[in-house]
> 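Pasting in a structure now, in structure tokens, and then I'll have a few things to ask.
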Amino acid sequence: MTATDQVSEAALDLSRQVEMYRHMVRIREFEERVKRTFAEHPGVIRGHTHLADGAEASIVGSLTAIRPGDQVMATYRCHGYPIALGTDTSAMMAEIYGRATGLCKGYGGSMHLVDLDRGFLGTSGIVGQSIPQGTGAAYAAQLRGRGEVVLTFFGDGASKQGAFHESLNLAALWKLPVVYVMENNSFSVEVRTEEEDANAAAGEPLATKAKAYSIPGVTIDGSDPLVVHEAVATAVARARSGAGPTLIESKVYRLSAHGNSIAPPGVPLHFPEHEAIARYGDVAEYEAAKRGDPVPKFRAHLVEQGLLSVAEGDAILDDARAEMQRAVDFALNSPFPEPSAALSYGYA
């Protein structure tokens with residue numbers, strides 16, 4: 001490698017890391033505006049929303065490990081993935097607001113985002129749906145023979161679904177090009193993971209489940225996008241080579257309560273406070289999790305390494321806030337879909 005090559009590689013690394021941070025900030029600011037909508041514009045969101053604040057590093061670190069043509073499936077905590085893939089945030093906000101200019105013309109809402117042009121295959125309110133559907137997408141990718149890989153994301157609670165075990169068994173048997181990313185956010189709705197998962201109760205990492213299917217199982221710090229990127233890139237390379245799937249347990253901490261519910265004017269949010277406090281009374285745990293927030297933590301890392309100045313970090317935040325304000329304004333000013341138009345999307 002020449003000196004020029006070394007400089008180019010360093011510049012690429014700088015650009016990639018700053019871009020990772022930019023996406024993390026954009027995801028956080030988008031979710032903050034969704035959350036604020038319930039108070040600032042009561043009744044505008046007519047459905048459940050589930051935020052993934054605290055998982056930004058896991059999302060961005062994973063998605064920087066794939067290439068165009070690869071595909072992604074996610075859980076109903078799905079806002080961050082399409083943002084990192086390049087989906088228009090105004091169209092996303094309009095979808096969450098139920099407007100005709102939304103990604104799915106206002107018929108899908110927060111839990112049913114789709115952007116096929118960017119490889120985002122869609123989400124569902126069904127717990128664990130991404131696992132068998134992502135496995136099916138990986139089978140299709142294998143049949144096409146173009147070297148495509150599928151990332152399928154799900155929570156720790158979803159690994160207790162029968163479809164999890166069926167899918168991993170089949171993917172291992174057929175060596176499907178799929179990477180299973182289990183984002184362990186410490187709670188299944190209002191129950192701690194160790195109270196409903198046998199591996200966690202025994203003090204084992206949840207990636208231990210991979211042993212039953214003779215595939216690699218890796219547990220990583222999901223709050224560090226560089227650690228996540230390295231682990232997922234290794235798994236993607238394995239899948240692309242034809243060696244089969246990997247199970248990655250990405251440990252994160254969900255910073256918002258389980259979800260915001262349908263909230264007509266005057267009706268309080270369903271989960272107004274995080275479960276660590278509301279159910280377990282553990283304020284210290286929650287405050288510790290907030291101190292480990294991956295967004296400011298990664299910013300501090302970039303500043304300490306001389307990859308980002310304070311002014312540049314502030315500019316990224318300002319840009320993200322302005323973008324999300326435009327998204328809110330666009331969504332609020334967009335029309336609702338005509339009721340009769342719903343009949344255009346029946347596929348009997």
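All residue numbers in this chain count up from 1 along the given sequence.
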> Which pair of heavy atoms, one from Ala239 and one from Val179, lies closest together, and at what distance?
CB-CG2, 4.4 Å
> Might you point out which heavy atoms bring Ala235 and Ile248 nearest each other, and give the distance in Å?
CB-CD1, 3.9 Å
> Is the closest side-chain donor-acceptor distance between Arg77 and His258 under 3.5 Å?
yes
> Please check if any side-chain donor atom of His41 sits under 3.5 Å from a side-chain acceptor atom of Tyr97, or the reverse.
no
> Please check if atom CD1 in Ile126 has more than 12 non-hydrogen atoms from other residues, nucleotides or ligands closer than 6.0 Å.
no
> When you measure from the side chain of Glu95 to the backbone N and O of Cys104, does any donor-acceptor pair fall under 3.5 Å?
yes
> Look at the side chain of Gln142 and the backbone N and O of Trp174, then say whether any donor-acceptor pair between them is shorter than 3.5 Å.
yes
> Using every non-hydrogen atom in the two residues, find where Gly157 and Ser188 come nearest and quote the distance to one decimal.
CA-OG, 3.4 Å
> Where does the angle between the aromatic ring planes of Tyr81 and Phe153 fall among parallel (under 30°), tilted (30 to 60°) and perpendicular (over 60°)?
tilted
> Please determine if Arg192 and Asp282 form a salt bridge, counting it only when a charged side-chain N lies under 4.0 Å from a carboxylate O.
yes
> Could you pull out the closest heavy-atom pair between Glu148 and Arg240, with the gap in Å?
CA-NH1, 4.1 Å
> Apply side-chain hydrogen bond (donor to acceptor under 3.5 Å, both in side chains) to Thr87 and Asp115, showing your working.
CA-CA 7 Å; Thr87 300; Asp115 190 347; 2.7 Å; yes
> Could you walk me through whether Glu56 and Arg26 pass salt bridge (Lys or Arg N to Asp or Glu O under 4.0 Å), step by step?
CA-CA 9 Å; Glu56 294 88 353; Arg26 293 175 64 239; over 6 Å; no
> Examine Arg99 relative to Phe336 and say whether NZ or CZ is less than 6.0 Å from the centre of the six-membered ring and inside a 45° cone about the ring axis.
yes
> Should Arg321 and Glu32 be marked as a salt bridge (Lys or Arg N to Asp or Glu O under 4.0 Å) after you check the CA-CA gap, both sets of side-chain angles, and the distance that decides it?
CA-CA 10 Å; Arg321 287 176 173 168; Glu32 286 296 320; over 6 Å; no
> Please evaluate residues Glu275 and Arg254 with respect to the criterion salt bridge (Lys or Arg N to Asp or Glu O under 4.0 Å), reporting the C-alpha separation (whole Å), side-chain torsions for both, the decisive distance (0.1 Å), and the verdict.
CA-CA 10 Å; Glu275 294 75 36; Arg254 169 168 53 77; 2.8 Å; yes
> Determine yes or no for a side-chain-to-main-chain donor-acceptor pair under 3.5 angstrom, with Asp156 supplying the side chain and Asn185 the backbone.
yes
> Ignoring hydrogens and angles, tell me if any N or O in the side chain of Asn333 forms a donor-acceptor pair with the backbone of Asp329 under 3.5 Å.
yes
> Would you please test His274 and Phe187 for ring pair (Phe, Tyr, Trp, His ring centres under 6.0 Å) and show each step?
CA-CA 10 Å; His274 194 279; Phe187 289 87; 5.3 Å; yes
> Will you find, in the side chains of Lys297 and Ser223, an N or O donor that is under 3.5 Å from an N or O acceptor?
yes
> In this structure, which one of Ser58, Ser62, Ser250 forms a side-chain hydrogen bond (donor to acceptor under 3.5 Å, both in side chains) with Glu183?
Ser58
> Any chance the side chains of Tyr253 and Glu285 put a donor and an acceptor closer than 3.5 Å?
yes
> Regarding Ser167 and Tyr180, do their side chains bring together a donor and an acceptor under 3.5 Å, going by distance alone?
no
> Are Phe298 and Ile220 connected into the same hydrophobic cluster when the rule is that any two of I, L, V, M, F, W, Y join if their side-chain heavy atoms are below 4.5 Å apart?
yes
> Tell me the closest heavy-atom pair linking Leu85 and Arg118, and the distance in Å.
O-CD, 3.5 Å
> Go through the steps to decide whether Lys160 and Asp197 satisfy the test salt bridge (Lys or Arg N to Asp or Glu O under 4.0 Å), and finish with yes or no.
CA-CA 8 Å; Lys160 266 63 73 181; Asp197 187 286; 2.5 Å; yes
> Flag the pair Arg22 and Glu19 as a salt bridge only when some basic side-chain nitrogen lies within less than 4.0 angstrom of an acidic carboxylate oxygen.
yes
> Go through the side-chain N and O atoms of Ser124 and Gln129 and say whether any donor and acceptor fall under 3.5 Å apart.
no
> More than 12 non-hydrogen atoms from neighbouring residues, nucleotides or ligands closer than 6.0 Å to CD on Glu338, yes or no?
no
> So which of Leu51, Thr123, Ile96, Val34 actually passes side chain to side chain contact (heavy atoms under 4.5 Å, CB included) with Ser110?
Ile96
> Taking all non-hydrogen atoms of both residues into account, name the closest pair between Ala171 and Pro245 and its distance.
O-CD, 3.5 Å
